[in-house]
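When a residue number appears, it is its place in the shown sequence, counting from 1. We count ligands from 1, going down the list as the structure has it; atoms in each ligand are counted the same way. Since this is a predicted model, take the numbers as computed values, not measurements.
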Amino acid sequence: MSLTPSLKPLALAGFLSLATVIAGCSDSAYQSSFVYSQGTLSLMREAQDGTKETPGVKKLLDDRFGDPQHLKAWGKLPVDFGGTLTSVEEVSESEPGNKIIKLTVEEGKSLPMKAGSVKFVTGACSGESVQVSKWNAETGEATLAIAPSKEIAAGDACAVDGGTVLSSGRMLYMRHCSHCHGTSGDGNGPTARYLNPKPRDYRHGVFKFTSTNDMSKISRDDLSRIVKYGIPGTYMPSFLLMKDDEHHAIIEYVRFLTLRGEYERKLVAELSSDFSEVAYDSRLKAGEKKPEIQSELQEYLAEDLKESASTLGDELAEIWSAADTEEAAIVPSMPRVTDTPESRRRGRELYLSKTLNCADCHGIDGAGNGPQTIAFEKNPQKANELYNEPGLHDIWDNLNQPRNLQLGMYRGGRRPIDLFSRIHAGIKGSRMPSFKNTPHEDIWHIVNYVLSIPFESDPGATAIAPSAAAESVAAPALVTAPTPK
Ligand code: HEC
Ligand code: HEC
């Protein structure tokens, strides 16, 4: 078992201060570049690599996201790259050596009120950070305290007061997260194979434990909660001791990796039905000619793919930004129903009912052993072949056991509102479905019932409940629930 050595860097990392770590040195044990997805690698070679005239999937990705050593900031994406992303419109000099640059922002965005420094993200000065001695927030004119070592040109991108969030996010991620989640966020770091459930592969853009409704992405607050407190009952650790700015940087970096992965998946999805190696072979077998397919691909790359490369960015920006708005949040239409024996009984009825049928997966007593856990499932991703192990599977193709509700261990949080969200929105990517059409009152009855399950089989268990109550918001209601008059 090499689990212990693999986990060591995590323990050590806590004692190292950020300042002592030189960018890149912690990466050496892991991949130093991003990997392309299986989907990309199964495309026809020209679709992957493009041709002289038109970029393929790999170049489209590299141009927008760079690689871990040279990250790129694609202004369109809802990621906080640090500071305000601007571009240089004009360069002038008030007296020799006294450089003034006029900065503009993308339409719809505004210039910051203060500017202490600018960091160049592209151009000859890329990577250089320069102090600003005077700033005009109206015109966007920044007087630089010293001239950078190289020539500044119109069109160069620079971040005002920032540009470091992403690079420090990367550094922290490589140290604390990558040995499980992988350099590219593919969930495939060196430690991953020993773990069950597997570390999340971010690239699907799907996260399980959200406070947002079933069709929405995960919010920043949710990501923040998960990284702070970890996921109980799994190997996802808690990073409670991390400083606020480090915490923020890591979350933005997770979003960056997620968006890169999702962007790649969507590009591949457009190409794979006609231009994967497998599709190519069967088209040849069906009598199509090689040059015809290749010129069709050429045309596709030059027109359709080029267009979707830009519209996909807008789409992603829109859905990810929407997740942080009020509309995406699950808000119960009524407060929690008082936890009474009647409410629990009603909850149990609903739990067993034919319409909700929680028992089909979780079992009649909530032990996580319903009939669906012993049936063999079809795999829709593999022409409906049966899986060779019984039970349910999630979108990452891993065995997905319904939770044993007798243990009282909830991965998405144990407050009643957390369980409300879990039932309302389901657990995304897993086989726990959304029950969003169930009246909110009924969901609260079910929550009351579910929270009572751990204490049900053994009536004596209520005696030990107060200790559980000390660490839980949910538990007091179980102990002190008023008996109706
Ligand atoms: C020891 C391995 C390990 C380390 C280190 C680790 N994770 Fe995880 N992480 C996991 C596992 C396992 C899961 C999946 C749990 C599940 O599916 O219930 C997970 C899940 C997640 C999720 C998904 C939550 C959801 O609702 O879907 C996020 C986000 C995440 N981790 C972020 C991080 C970040 C950021 C770091 C570093 C600061 C990190 N993890 C470090 C193992 C790890
Ligand atoms: C089709 C199968 C299926 C059905 C039906 C189902 N669940 Fe689940 N449920 C699961 C699976 C699978 C998980 C674990 C998902 C994971 O963590 O990846 C789960 C997890 C849970 C959890 C754990 C939440 C947490 O934070 O850890 C609760 C609570 C739960 N289900 C309650 C219910 C209730 C109540 C119903 C009926 C209203 C229900 N489930 C119906 C499959 C199902």
Any chance the side chains of H424 and N213 put a donor and an acceptor closer than 3.5 Å? no
Just heavy atoms, cut-off under 4.0 Å: does T210 contact ligand 1 by side chain, backbone, both, or neither? neither
Quick one, F256 with F65, criterion ring-ring contact (aromatic ring centres under 6.0 Å, His included). Give me CA distance, side-chain angles, the key distance, then yes/no. CA-CA 8 Å; F256 173 83; F65 298 90; 5.6 Å; yes
Would you mind checking which non-hydrogen protein atom is closest to atom 12 (C) of ligand 2, with the distance to 0.1 Å? N400 OD1, 3.3 Å
Name of the residue among I443, T438, I423 meeting side-chain contact (heavy atoms from CB on, under 4.5 Å) with L356: T438
Polar side chain donor-acceptor pair, S216 to K428, under 3.5 angstrom: no
Residue L419 vicinity, atoms of ligand 2 by number, heavy atom under 4.0 Å: 29 (C)
Counting only heavy atoms closer than 4.0 Å, does ligand 1 sit against the backbone of A192, its side chain, both, or neither? neither
Strictly by modelled atom types, are S224 and H247 linked by a side-chain donor-acceptor pair under 3.5 Å? yes
Just checking, any donor-acceptor pair under 3.5 angstrom between side chains of R336 and N448? yes
Can you run down the ring pair (Phe, Tyr, Trp, His ring centres under 6.0 Å) pairs that involve residues 331-379, sequence neighbours left out, and say none if there aren't any? Y351-Y449
Which atoms of ligand 1 have any heavy atom of R411 under 4.0 Å away? 18 (O)
Which of the listed options, M236, K198, K428, holds the heavy atom that is closest to atom 33 (C) of ligand 1? M236
Proximal atoms of ligand 1 relative to I250 (non-hydrogen, under 4.0 Å): 35 (C), 38 (C)
Salt-bridged, R344 to E456, with N to O below 4.0 Å? no
Does ligand 1 have a heavy atom under 4.0 Å from the side chain of F239, from its backbone, from both, or from neither? side chain
Which atoms of ligand 1 have any heavy atom of V227 under 4.0 Å away? 35 (C)
Only heavy atoms of G412, strictly under 4.0 Å: list the atoms of ligand 2 that pass. 25 (C), 26 (O), 27 (O)
Regarding Y235 and N196, do their side chains bring together a donor and an acceptor under 3.5 Å, going by distance alone? no
Under 4.0 Å from a heavy atom of L223: which atoms of ligand 1 are those, numbered in the order shown and with their elements? 29 (C)
Test item, R414 contacting ligand 2 (heavy atom, 4.0 angstrom): no
Side chains of D222 and S219, donor plus acceptor under 3.5 Å: yes
Working note: L419 + Y410, criterion side chain to side chain contact (heavy atoms under 4.5 Å, CB included); need CA distance, chi angles, decisive distance, verdict. CA-CA 8 Å; L419 288 166; Y410 311 107; 3.8 Å; yes
Kindly determine whether E270 and S308 satisfy side-chain hydrogen bond (donor to acceptor under 3.5 Å, both in side chains), including the steps that lead there. CA-CA 9 Å; E270 302 219 344; S308 35; 2.9 Å; yes
Below 3.5 Å, N or O to N or O, backbone or side chain included: is there any such pair between Y351 and ligand 2? no
Per-atom contacts, ligand 1 versus P237 - under 4.0 Å to a heavy atom: 3 (C), 4 (C), 5 (C), 6 (C), 7 (N), 43 (C)
N/O separation below 3.5 Å, F209 to ligand 1: yes
Spacing of CZ belonging to R345 relative to OG1 belonging to T340, to within rounding of 0.5 Å: 8.0 Å
For a distance under 2.8 Å, tell me if H181 has an N/O/S atom near atom 8 (Fe) of ligand 1. yes
Close-contact set for ligand 1 against I226 heavy atoms, below 4.0 Å: 24 (C), 25 (C), 26 (O)
More than 12 heavy atoms from other groups under 6.0 Å of CE on M334: yes
Using a strict 4.0 Å cut-off to heavy atoms of I446, name the atoms of ligand 2 that fall inside it. 35 (C)
Of the backbone and side-chain N, O or S atoms of Y235, does one lie nearer to atom 8 (Fe) of ligand 1 than 2.8 Å? no
With the threshold set at under 4.0 angstrom, would you say L405 reaches ligand 2 through any of its heavy atoms? yes
T40 pairs by side-chain hydrogen bond (donor to acceptor under 3.5 Å, both in side chains) with which of E264, Q48, K58? E264
Under the rule for ring pair (Phe, Tyr, Trp, His ring centres under 6.0 Å), what residues qualify as partners of Y229, not counting sequence neighbours? none
Are T191 and ligand 1 in contact, using a heavy-atom cut-off of under 4.0 Å? no
Could you see which bit of Y202 sits under 4.0 Å from ligand 1, with heavy atoms only: side chain, backbone, both or neither? side chain
Which ligand 2 atoms does F435 reach within 4.0 Å, using its non-hydrogen atoms? 36 (C), 37 (C), 38 (C), 39 (C), 41 (C)
Excluding waters, which protein N, O or S atoms are within less than 2.8 Å of atom 8 (Fe) of ligand 2? H362 NE2, M432 SD
What distance separates I218 CD1 from S211 OG, expressed to the nearest 0.5 Å? 8.0 Å
Run the numbers for me: atoms of ligand 2, each under 4.0 Å from some heavy atom of N357, listed by number. 5 (C)
Which of the numbered atoms in ligand 1 are under 4.0 angstrom from any heavy atom belonging to V254? 35 (C)
S430: numbered ligand 2 atoms lying under 4.0 Å from its heavy atoms: 15 (C), 16 (C), 18 (O)
Can you tell whether the side chains of K382 and E385 come within less than 4.0 Å, N to carboxylate O? no
Considering residues at least two apart in sequence or located in another chain, which fulfil the side-chain contact (heavy atoms from CB on, under 4.5 Å) criterion with P197? T234, R411
Who gets closest to atom 16 (C) of ligand 1 by heavy atom: R200, R175, M174? R200
Less than 3.5 Å apart, any donor N or O on the side chain of Q372 or D360 sitting next to an acceptor on the other? yes
Would you mind running through ligand 1 and noting each atom that sits below 4.0 Å from a heavy atom of L195? 2 (C)
